[in-house]
There are 2 protein chains.
Amino acid sequence: MRAALLLELEEAMRRSSAQGVLYGQTVANVAGIANSDLECMDILYLEGRVTAGRLAEVTGLTTGAITGVVDRLEKAGLVRRERDEKDRRKVFIAVVPEAIAKLGQFYVPMQQAMEKVFGAYSDEELRLLLRFANEAYKGVLAATEALKGLLDTPPEKRPELKLKKRPRQP
Amino acid sequence: MRAALLLELEEAMRRSSAQGVLYGQTVANVAGIANSDLECMDILYLEGRVTAGRLAEVTGLTTGAITGVVDRLEKAGLVRRERDEKDRRKVFIAVVPEAIAKLGQFYVPMQQAMEKVFGAYSDEELRLLLRFANEAYKGVLAATEALKGLLDTPPEKRPELKLKKRPRQP
DNA sequence: CTAAATATCTTAGTGGCTAAGATATATATT
DNA sequence: AATATATATCTTAGCCACTAAGATATTTAG
């Protein structure tokens, strides 16, 4: 019984999550920016002002790639580079205020859809969903770290699929 | 009160969803295949045997790009091309059985994390989550379509951001 | 005060993507 | 039947974002 429910739940989550990815890709497409660029905007929106290095860390891109991302975002007028005066090696990337409005328009359909979905739930039910979302976030974060950890285990122990050379992580 | 709850919920969803994207990217990275390739595997897993054209439609990639995706997946031994005998223009892409095992290992951390999260909920609560996941899927799907629709509205009406040339959709 | 570590940028080369058109098959028109 | 049009995939040329390696600038350690 419960096992079947869990299986169904897993598939439903997977399906909605996959569709979420597609929504993001569509936003990038419509906005005319690269997927990674939008992903970085999302991280900046959630984490606030972060360094270029942190962006590389979170996205899994190389620092060189991040330089390109930030160059494009800066040229598009969405972010600003701000040298850290305490440690002048660091560069903080900050979202410019107008960027929210510029990009926000593309999330209107999503917000409307979610409003409609949420509308059918009581406050108590929403609190349950909130609790779940927070726990799911922590779980997925931990799972991501665990998966990255696999990269450190002897590669000859993980069979079947060819693996790329291990990306730099000093 | 409720407005604040909704806002918090939206951010929590956004955060967990963003982390989900990162998990997927990490899987692709560890498995040594391109992001789009893994995305197509996911679609194939969910939809079963689909045509190359349908993959292009769902992913938003061009048919030319899909040819490349399927070439790589076929060479990696994850899928098989199967010509439709009814309509010999069509090519069905089918996941080979071993692919599940090959890729499945990379989802173990995620499954364990979700098992742990789900474990804290009663059957009734899980049914609520299931209902939500299904409705969210439908909502996001509709939102994606709505957003794509923006591409058809006069471009000079959508301000601020430069837009790519409208991709082909005959 | 040199040496090592850290943070970002630069450069060359690679690979996946788009756009356009080619090929093959199917359907509609006369 | 023969021709034209539509559909589905593949092919090709060129572009752009990415990686890997190393350069530069700054900080911290010995």
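Every value quoted in this text rests on a predicted model; they were computed, and no experiment measured them. Only this structure's heavy atoms are used, side chains among them; waters, hydrogens and symmetry mates stay out. Below, chain A is the first sequence line, B the second, and so on; all start at residue 1.
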May I ask you to verify if any side-chain N or O of B:T67 is less than 4.0 angstrom from the OP1 or OP2 atom of D:dT11? no

Kindly state which residues belonging to residues 48-57 of chain A come within less than 4.0 angstrom of DNA chain C, counting heavy atoms of the residue only, listed by number. A:T51, A:A52, A:G53

Name every residue in residues 79-93 of chain A that has at least one heavy atom under 4.0 Å from any atom of DNA chain C, in order of residue number, or write none if there are no such residues. A:R81, A:R89, A:K90, A:V91

Could I get the full list of salt bridge (Lys or Arg N to Asp or Glu O under 4.0 Å) partners for [X], not counting sequence neighbours?
{"X": "A:R83", "answer": "none"}
{"X": "B:D123", "answer": "A:R2"}
{"X": "A:E57", "answer": "A:R54"}
{"X": "B:E85", "answer": "B:R88"}

Identify, with sequence neighbours excluded, every residue that meets ring-ring contact (aromatic ring centres under 6.0 Å, His included) alongside B:F118.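 Result, ring-ring contact (aromatic ring centres under 6.0 Å, His included) vs B:F118: A:F132.
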
Let's test your reading of the model: under 3.5 Å, does the base of D:dC18 pair with the side chain of A:S36 as donor and acceptor? no

Go through the steps to decide whether B:R81 and B:D71 satisfy the test salt bridge (charged side-chain N to carboxylate O under 4.0 Å, His left out), and finish with yes or no. CA-CA 9 Å; B:R81 278 182 166 91; B:D71 283 350; 2.9 Å; yes

I need the full list of salt bridge (Lys or Arg N to Asp or Glu O under 4.0 Å) pairs touching residues 28-37 of chain A, with sequence neighbours left out, sorted by first then second residue. A:D37-A:R72

Is there a side-chain contact between B:V95 and B:Y45 in this structure, where contact means two heavy atoms from C-beta onward sitting under 4.5 Å apart?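 They are not in contact (no side-chain heavy atoms under 4.5 Å apart), so the answer is no.
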
[X] [atom1] to [N] [atom2], straight-line distance once rounded to whole Å:
{"X": "A:R72", "N": "C:dC9", "atom1": "CZ", "atom2": "P", "value": "13 Å"}
{"X": "B:L61", "N": "D:dC10", "atom1": "CG", "atom2": "C1'", "value": "15 Å"}
{"X": "B:I66", "N": "D:dT11", "atom1": "CD1", "atom2": "P", "value": "15 Å"}
{"X": "A:N35", "N": "C:dC17", "atom1": "CG", "atom2": "C1'", "value": "11 Å"}
{"X": "A:D37", "N": "D:dC16", "atom1": "CG", "atom2": "C1'", "value": "11 Å"}
{"X": "B:Q25", "N": "D:dC18", "atom1": "CD", "atom2": "P", "value": "10 Å"}

Residues that B:D87 engages under side chain to side chain donor-acceptor pair (under 3.5 Å), provided they are two or more places apart: B:R89

